[in-house]
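The basis for the numbers below is simple: all heavy atoms, side chains too, and nothing from hydrogens, waters or symmetry mates. Nothing here was measured: the structure is a model prediction, and the numbers come from that model.
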Amino acid sequence: MAKTGTTTQGLRAAIERSGYYPALVAEAVQAAIGGEPVVSYVVHQETTFDANEVRRHVTVLVLTDTRFIVSHTDEQAADATSPTPYATTSTESVKLGRISSVVLSRVVANPEAYTPGQLPREVVLTIGWGAVSRLDLEPASCGDPNCEADHGYTGSSTADDLSLRVSEAGDGPDTVRQTLAFAQALSEATAASGAR
């Protein structure tokens, strides 16, 4: 996308179209962006059902020339800490040089009939920058089924910073296209920041 005020206006319009506390979300995102031009963005609203409650969550991803910004906003029902419903919004700003991986998984129906440029049915964008990792451990063993020795532990560490699933059926084709464009822009910006 062009680095113009139109892109910033497009981001604001997308936040307003989501209909999810647009003034709150836009203010938090704009404060994180500051004066930098917006290169690309994705606004994704997700509705979940928790027992008898419907909960909404919005994620806003923004790419600037120097940073990746992620914003999450959740609504909460009245509880022991608040007699009225409330929303929590948070933003994180990550320097492009810290991004270690950008993974884009595409789900395509009828792959034998796929043509270049065809819109995937679903995409999952996973971005890692080392803020959150998951460590899975299990007891190590040798090949001897009768061995009772302690072989310590083995495991794996997985970056688990952000994963965003967008589908054509649930979110519409425009959101899938925007996510694809954002993933490409972020990959290119990350590669360029590593070359500096």
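Considering CZ of R98 and OG1 of T190, their distance stands at 12.5 Å, rounded to 0.5 Å. Separation of atoms OG1 (T179) and CZ (R106) is listed at 11.0 Å; rounding is to 0.5 Å. Residue D150 holds its CG atom at 11.5 Å from OG of S141, rounded to the nearest 0.5 Å. Rounding to the nearest 0.5 angstrom, the gap separating the CD1 atom in I15 from the OG atom in S71 is 7.5 Å. The NE2 atom of H44 sits 11.0 Å away from the CG atom of L125 when rounded to the nearest 0.5 Å. The line from CD1 of I69 to OG1 of T66 is 7.5 Å long, rounded to the nearest 0.5 Å.
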- request: Test V60 against H72 for side-chain contact (heavy atoms from CB on, under 4.5 Å), laying out the working first.
  value: CA-CA 7 Å; V60 179; H72 295 286; over 6 Å; no
query: What's the verdict on side-chain contact (heavy atoms from CB on, under 4.5 Å) for Q76 and D74, showing C-alpha distance, side-chain angles and the deciding distance?
result: CA-CA 7 Å; Q76 306 293 328; D74 292 289; 3.8 Å; yes
task: For the pair L61 and F182, evaluate side-chain contact (heavy atoms from CB on, under 4.5 Å) and give the outcome as yes or no after the intermediate values.
output: CA-CA 8 Å; L61 308 180; F182 182 85; 3.7 Å; yes
- request: Report the C-alpha distance between L186 and I99 in whole Å, list the side-chain angles of each, state the deciding distance to 0.1 Å, and finish with yes or no for side-chain contact (heavy atoms from CB on, under 4.5 Å).
  value: CA-CA 9 Å; L186 182 60; I99 295 178; 3.7 Å; yes
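Counting heavy atoms from C-beta outward, Y86 and T81 have side chains that approach closer than 4.5 Å. Side-chain contact between W129 and V70 is present, with at least one heavy-atom pair separated by less than 4.5 Å. In this structure, the side chains of V103 and S105 come closer than 4.5 Å at one or more pairs of heavy atoms. Annotation: side chain of T7 is not in contact with side chain of P37 (no heavy-atom distance under 4.5 Å). S93 places none of its side-chain heavy atoms less than 4.5 Å from the side chain of T64.
Looking only at distances, no side-chain donor or acceptor of R67 sits under 3.5 Å from a matching main-chain atom of V62. In this structure, T126 contributes its side chain and S163 its backbone to no donor-acceptor pair below 3.5 Å. The backbone N or O of G10 sits less than 3.5 Å from a side-chain atom of Y41, completing a donor-acceptor pair. In this structure a side-chain-to-backbone donor-acceptor pair under 3.5 Å is missing from N110 to A113. Panel note: side chain S187, backbone A183; a donor-acceptor pair is recorded below 3.5 Å. No donor-acceptor distance shorter than 3.5 angstrom exists from the side chain of Y20 to the backbone of Q45, with no hydrogens or angles considered. Judged purely by atom type and a 3.5 angstrom limit, Q30 has no side-chain atom pairing as donor or acceptor with the backbone of E27.
E112 CD: more than 12 foreign heavy atoms inside a 6.0 Å radius.
Pairing each heavy atom of A26 with each of R12, the nearest pair is CB-NH1, 3.0 Å. The shortest non-hydrogen separation linking S40 to Q178 is OG-NE2, 4.1 Å. Between A28 and T91 the shortest heavy-atom distance is O-CG2, 3.6 Å. Summarising the geometry of V176 relative to P120, their closest heavy-atom pair is CG1-O, 3.9 Å, with the distance given to 0.1 Å. The two residues R121 and A109 have their closest heavy-atom pair at NH1-CB, 4.1 Å.
Taken together through direct or relayed side-chain contacts under 4.5 Å among Ile, Leu, Val, Met, Phe, Trp and Tyr, L164 and V94 form part of one hydrophobic cluster. Both V166 and L119 are members of a single hydrophobic cluster when ILVMFWY side chains are connected at heavy-atom separations under 4.5 Å. Following chains of ILVMFWY side-chain contacts shorter than 4.5 Å, one cannot reach V43 starting from V124, and the two form parts of different hydrophobic clusters.
Between E122 and S167, the side chains place no donor N or O within less than 3.5 Å of an acceptor N or O (distance only, hydrogens not considered). Between the side chains of T89 and T73, a donor-acceptor pair is found at a separation under 3.5 Å. If you check the side chains of E46 and T59, you find no donor sitting under 3.5 Å from an acceptor. For the residue pair E75/Y21, the side-chain donor-acceptor check at 3.5 Å is satisfied.
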